[in-house]
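Beneath this line is the structure, given in structure tokens, with notes to follow.
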Amino acid sequence: MRPSRLSKPEYNRAHNTKQTQRMNRRKVQKTSPAPPPAEDDSQEYSGVAKFVSRNVLLSLLAIVVLFSADIFGEYQHLFLSAGLLAGLLAIILTYTVGGRMFFSADWSFFQPLKGGGRFIVFQIIGWTFFAFTIALPWLPWLLAWHFPQEAIKVLIMCAGASALVGEIMMVCSLLTYNRPTRPPPPPTTATTTAGIPEPRTGFKEFLLSRRGYHVWKSFIGLQAILSIFACALAILADKYTTAEMPRLILTFFAVMCFSLSLFLAYGVGGRWKYYSTEWRFYQPFSGGTLFIVLQALAWALFSLSMLVFLFDMHFMLCHVLDIEYLLPFDRSYLPSFFVTSLVGVGAQFFNAASLFFYTPQSAPGDTSALSAPPILASLRQLSVVVILFNLEKICGAVILLSILFAEFLPHVIVSVWLIGALIYLPTFRGHPSRTGRRNVPSLRGYWLFDELANYFRLSIQCMAPLDPAHKYIMGFHPHGILPVTCGWVHFTTLWSAVLPNITPASLTSTVVHYVPVMRDVLQMLAGLEVTKEGFARGLELFGSTIFVPGGQREMLESRSEDRHVVLSTHHRGFVRLAMTLAAKNTEDVYLVPLYSFGETQLLDNLRLPLVLQQWCIRLLRANVVFFPYGMLGLPGVPRPEKLTLAVGKPVLVPRIAHPSNEQVTLLHRRFYTELQNAFDAFKEEAGHGDDQLKLTPEITPLTHEEWERERALVPESTPASHHGRHHHGRESAWVGLTLFIFFAIVLYKAYG
């Protein structure tokens, strides 16, 4: 049914009503300003991406001009100059205009050592290649005496490569730039914020948007172009040049381009695509089966190609310097550069393809959600455990290999020793074992320690909660063969969940801080010496310390099959020191006993004469003649026994600057009483109901009421000052003498 048409009067009334409404809206718009349109940050960032892309194309055009300048005859120098200027201009525009467009008022043209660690690294590399782009065209005048024709062409090619690499590094630096933190405006005036522009938002949204995804694919394609360009440089080095020096320069730039293309595609490209997830540069055996397989292929092919390039560069350098080859074979055994370059391009292909199949974790720090197959997860856990439990053996194996190969590669081995010494000696500066200056706080909660927790099926049980406002001196029992658990357990996410904001420093024997590799790992994990200075510094920096009171005497008595766990109670110096430190601190200081069920079942020691081991402990402060073995009798491989860490009730330390022997004895008895209470409370739950503690010498239990009553009866006299033993010189002398002997053997094998 068709609607009836309006009569003319009705139509006029309706038309006048619409006209009146339209005029009223216009009046409102004139009297009240319209709100500003919403800014589409994603659209703006897309425009910035197009600008940066044009600069990348400009650098690619510069390379084409530089490579084809020969065909222009007498105008060759003009085109060379134009190509170099185009490459330099692309880098400058990306940094200045592109940075301003990306970050608006937060961007500054000169901002040294600002913008975050990744930004600084990319900036250093980018401006270094910018300098290469300027300097390389001038080097032919210096090398023309030896290579008059080839040097000019080769270095101009390298200048073009430097321009492209510098442009890519500038793009990467913009992607990793951290805005500066601006202080809030003072609250005294309400108008101080009027002239301050609000920081730009939407960068993360752009990265995760459809436009950002297309730009990401262009970025990965750019890395593929860089790897193909590296392939072209390598082929030119093999076919175009005959002199060794230009060939060496081209090969060096090819290696740089291959390396940067792979690392940038994986590091920056992976972080870009999975911006909202926990993407890590180093994440072995995680990310899904297909991702793991593709990554393994990529890094295997990359390592193979780089190894061949480095071997060939070694032969070139030896030929230029007119010295004998350092390798026991000649270059005829190496494949051609064409085959090696194709292997490098294949590595980039597998690397880029793996980024499409990455499976992120479900939550940060959740190692159970890693999508690796069970066999790979088990291998990952076992590899982490074996490495961390055998750091000193790794150091010894490296020294032994250097001795064995010194006869075949004398110059290389001796140079590595000397260069390593020059690089490594500054790590002793500032006494890091006493000051903790090499500590890396970001390692807390790192996935490595969760792998250890999963391997040992770690659980933590507490007798009472610990208040982070107080300070704690934690005594770990038993020592076992290797008390490695004492060093990693407080870095797990489980510890952070059960004991939040309790981050103790690990105190270990002084000799450990002089053993390479072991000392580096320990000091990065907040490790300090178990001395007065170590206790005081640990409480000052971290609020808590953890150490093994029983010492190495317990190691001599540790047996995995023995259900009677021997604990040494000889040491009372930590109790005296705790009272002294409590008197110097405004916060309360507590002694906390810890017991690790299953610790003695991890490893066993080869039965050696007890007298010999005791002599080593007295002389070297460490038992260096022990040979631990564990799972399947393998040396240094701990058994996957379940560990249950029992945290005893904290014991408040009285504030006594100069405690008497009676006061120390009472607190010592109270500490081991709480340790026994924690042991009895959790041994059934931990599956060690048959275990018994054997304290040597025996300790008479002391309850809390008896502690309070007897402490009041002891006079607070001031005894003579107690002098603790200090053996820094002895341990450092022994380790230094040992390393000197090894180096003397290397010299003898090399030149004797």
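We're numbering straight along the sequence, starting at 1. A quick note: this is a predicted structure, and the numbers were derived from the prediction, not measured.
Under a 3.5 Å cut-off, the side chain of Tyr266 and the backbone N or O of Ala352 do not form any donor-acceptor pair. With hydrogens and angles ignored, the 3.5 Å screen pairs a side-chain donor or acceptor of Trp495 with a backbone N or O of Ile502. A donor-acceptor contact shorter than 3.5 Å is absent between the side chain of Asp450 and the backbone of Trp447. A distance-only check finds no donor-acceptor pair linking the side chain of Thr492 to the backbone of Trp488 [under 3.5 Å].
Under the side-chain contact (heavy atoms from CB on, under 4.5 Å) criterion, Leu317 pairs with Leu248, Leu321, not counting sequence neighbours. Applying the side-chain contact (heavy atoms from CB on, under 4.5 Å) rule to Ala254 yields the partners Leu233, Ala234; only residues at least two apart in sequence or on another chain are considered. Evaluation of the salt bridge (Lys or Arg N to Asp or Glu O under 4.0 Å) rule for Arg519 yields no partner, not counting sequence neighbours. Leu525 meets the side-chain contact (heavy atoms from CB on, under 4.5 Å) test with Leu443, Phe449, Phe491, Val521; sequence neighbours excluded.
A centroid separation of less than 6.0 Å is found between the aromatic rings of Trp299 and Phe263. Two rings, from Tyr358 and Phe291, have their centers less than 6.0 Å apart. When ring centroids are compared, Phe219 and Trp216 stay outside the 6.0 Å threshold.
A salt bridge (Lys or Arg N to Asp or Glu O under 4.0 Å) check over residues 292-315, counting only residues at least two apart or in different chains, returns the pairs Arg247-Asp312, Asp312-Arg331.
Note: Met170 CE to Phe122 CZ = 11.5 Å, rounded to the nearest 0.5 Å.
Put simply, the side chain of Phe258 does not reach to within 4.5 Å of the side chain of Phe229, judged on heavy atoms. In this structure, the side chains of Ser162 and Phe130 stay at 4.5 Å or more apart for every pair of heavy atoms. In this structure, the side chains of Leu57 and Leu61 stay at 4.5 Å or more apart for every pair of heavy atoms. In this structure, Cys158 and Ile249 have side chains that are in contact, with non-hydrogen atoms separated by less than 4.5 Å. The side-chain heavy atoms of Met316 and Thr251, taken from C-beta on, include a pair separated by under 4.5 Å.
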Would you tabulate the side-chain donor-acceptor contacts of residues 339-350 under 3.5 Å, counting partners in other chains and residues two or more places apart, or write 'none'?
unit_1: Thr340; atom_1: OG1; unit_2: Ser336; atom_2: O; d: 2.9
unit_1: Ser341; atom_1: OG; unit_2: Phe337; atom_2: O; d: 2.6
unit_1: Gln348; atom_1: OE1; unit_2: Asn351; atom_2: ND2; d: 3.3
unit_1: Gln348; atom_1: NE2; unit_2: Gln223; atom_2: O; d: 3.4
unit_1: Gln348; atom_1: NE2; unit_2: Ser261; atom_2: O; d: 3.0

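Heavy atoms from other residues, nucleotides or ligands lying under 6.0 Å from CZ of Phe338 number 12 at most.
With hydrogens and angles left out, the side-chain atoms of Ser506 and His490 include a donor and acceptor closer than 3.5 Å.
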